[in-house]
Trainee: 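Sharing a structure with you now.
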Number of protein chains: 2
Amino acid sequence: MRRDVFQAIADPTRRAIIGLIALQAMTPNALAEHFNTTRQAVSKHIKILTECQILKQEQIGREIYYHFEPQKMKEIADFIEPFRKMWDTRFNQLDIVLNQIKSKK
Amino acid sequence: MRRDVFQAIADPTRRAIIGLIALQAMTPNALAEHFNTTRQAVSKHIKILTECQILKQEQIGREIYYHFEPQKMKEIADFIEPFRKMWDTRFNQLDIVLNQIKSKK
DNA sequence: TATAAGCGCAACTATTTGATTGCACAAGTT
DNA sequence: AACTTGTGCAATCAAATAGTTGCGCTTATA
């Protein structure tokens, strides 16, 4: 069972959960109200996100508040960072120039 | 069948493919030599990446060179961007301060 | 023209995923 | 003490995924 951050954000529901929890810590029930699925389905997503350390539990009485733990998201940022300059317009123009030089030789 | 960028980068082999192709356009055969799977398996990943517009075909004779198309990767950057400030150390310290203020009222 | 090389497509398989339903259990409430 | 609420866990199921094998088409090469 793969359990990495990339897998975690692959599901649109999980991305939505991250978006909600990032704004405010919530209980599974409160979270589930935002989706058209069962509480269990949401709870499973929460479990996966917790295992990936994107969420963190905080039990208060019989309620469990899930908090957003942003550190792990950095792994994704680190993956994309090297490509960032490649979608920059100025670099694309440079790329065209480089290709012209290459095709001339 | 979900076919978005987040799904595309969820697989470690596909992330490796992206890394290789970003450095240099390659044919499926050349690419497959880097992995311990069959050419077909790699070819399937290529197909998915192409459908997501992360790769672009360029046929040269009987060979097909796949190029990296960085634009789509921006979707991922856009998703993480809002969280970026949250893993910054300075923000975390601010967060602690804010929580202290909140708990006092 | 016969053969080989480079690829994509189709069929099939095992595994994983996302979701549902039902149950158990601890923490509050009456 | 009995009932309700908030959760997690287990079993089950359909669909998607990642991989393999076999086939056929097109483009080079002998």
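So that the names make sense, note that chain A is the first sequence line, chain B the second, and so on, each numbered from 1.
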Trainee: For residues 20-31 of chain B, dump all side-chain donor-acceptor pairs below 3.5 Å to protein atoms at least two apart in sequence or in another chain.
Mentor:
unit_1  : atom_1 : unit_2  : atom_2 : d
B/Thr27 : OG1    : B/Ala30 : N      : 3.2

Trainee: Restricting to pairs with a member in residues 50-59 of chain A, which pass salt bridge (Lys or Arg N to Asp or Glu O under 4.0 Å), not counting sequence neighbours?
Mentor: A/Arg3-A/Glu51, A/Lys56-A/Glu69

Trainee: Who pairs with B/Arg84 by salt bridge (Lys or Arg N to Asp or Glu O under 4.0 Å), at least two apart in sequence or on another chain?
Mentor: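 Scan of B/Arg84 (salt bridge (Lys or Arg N to Asp or Glu O under 4.0 Å), adjacent residues dropped) gives A/Glu81, B/Glu81.
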
Trainee: Could you note down all residue pairs passing ring pair (Phe, Tyr, Trp, His ring centres under 6.0 Å) where residues 33-74 of chain A supplies at least one of them, sequence neighbours left out?
Mentor: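 Passing the test, one end in residues 33-74 of chain A: A/Phe68-B/Phe83.
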
Trainee: Sequence neighbours left out, what passes side chain to side chain donor-acceptor pair (under 3.5 Å) with B/Gln40? Give chain and number order.
Mentor: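 Result, side chain to side chain donor-acceptor pair (under 3.5 Å) vs B/Gln40: none returned.
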
Trainee: Taking side chain to side chain donor-acceptor pair (under 3.5 Å) as the test, write out the residues that go with A/Glu75, two or more places apart.
Mentor: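 Applying side chain to side chain donor-acceptor pair (under 3.5 Å) to A/Glu75 gives none.
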
Trainee: Spell out protein contact along nucleotides 13-22 of chain D as letters: B when the base is contacted, S when just the sugar-phosphate is, - when no protein heavy atom is under 4.0 Å; keep the 5' to 3' order.
Mentor: ---SSSBBBB

Trainee: A/Glu58 CD to D/dG6 P: how many Å, rounded?
Mentor: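 Between P of D/dG6 and CD of A/Glu58: 17 Å.
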
Trainee: Kindly state which residues belonging to residues 16-33 of chain A come within less than 4.0 angstrom of DNA chain D, counting heavy atoms of the residue only, listed by number.
Mentor: A/Thr27, A/Pro28, A/Asn29

Trainee: Listed in order of residue number, which residues of residues 59-68 of chain B have a non-hydrogen atom at under 4.0 Å from DNA chain C?
Mentor: B/Arg62, B/Glu63, B/Ile64, B/Tyr66

Trainee: Where is the tightest heavy-atom contact between A/Met73 and B/Trp87, given as atom of each residue plus distance?
Mentor: CB-CZ3, 3.7 Å

Trainee: Within this structure, what is the CZ-to-C1' distance between B/Phe6 and C/dG18, rounded to whole angstrom?
Mentor: 19 Å

Trainee: Would you mind listing every salt bridge (Lys or Arg N to Asp or Glu O under 4.0 Å) that reaches into residues 11-37 of chain B, with sequence neighbours excluded?
Mentor: none

Trainee: What is the distance, to the nearest angstrom, from the CD atom on A/Gln57 to the C1' atom on D/dC9?
Mentor: 13 Å

Trainee: My understanding is that only residues two or more places apart in sequence, or in another chain, count here; which of them pass side chain to side chain donor-acceptor pair (under 3.5 Å) with A/Lys74?
Mentor: A/Asp78

Trainee: Run through the side-chain heavy atoms of Ile, Leu, Val, Met, Phe, Trp and Tyr, join any pair under 4.5 Å, and report what else lands in A/Ile48's cluster.
Mentor: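 For A/Ile48, no cluster forms, as it stays isolated from other hydrophobic side chains.
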
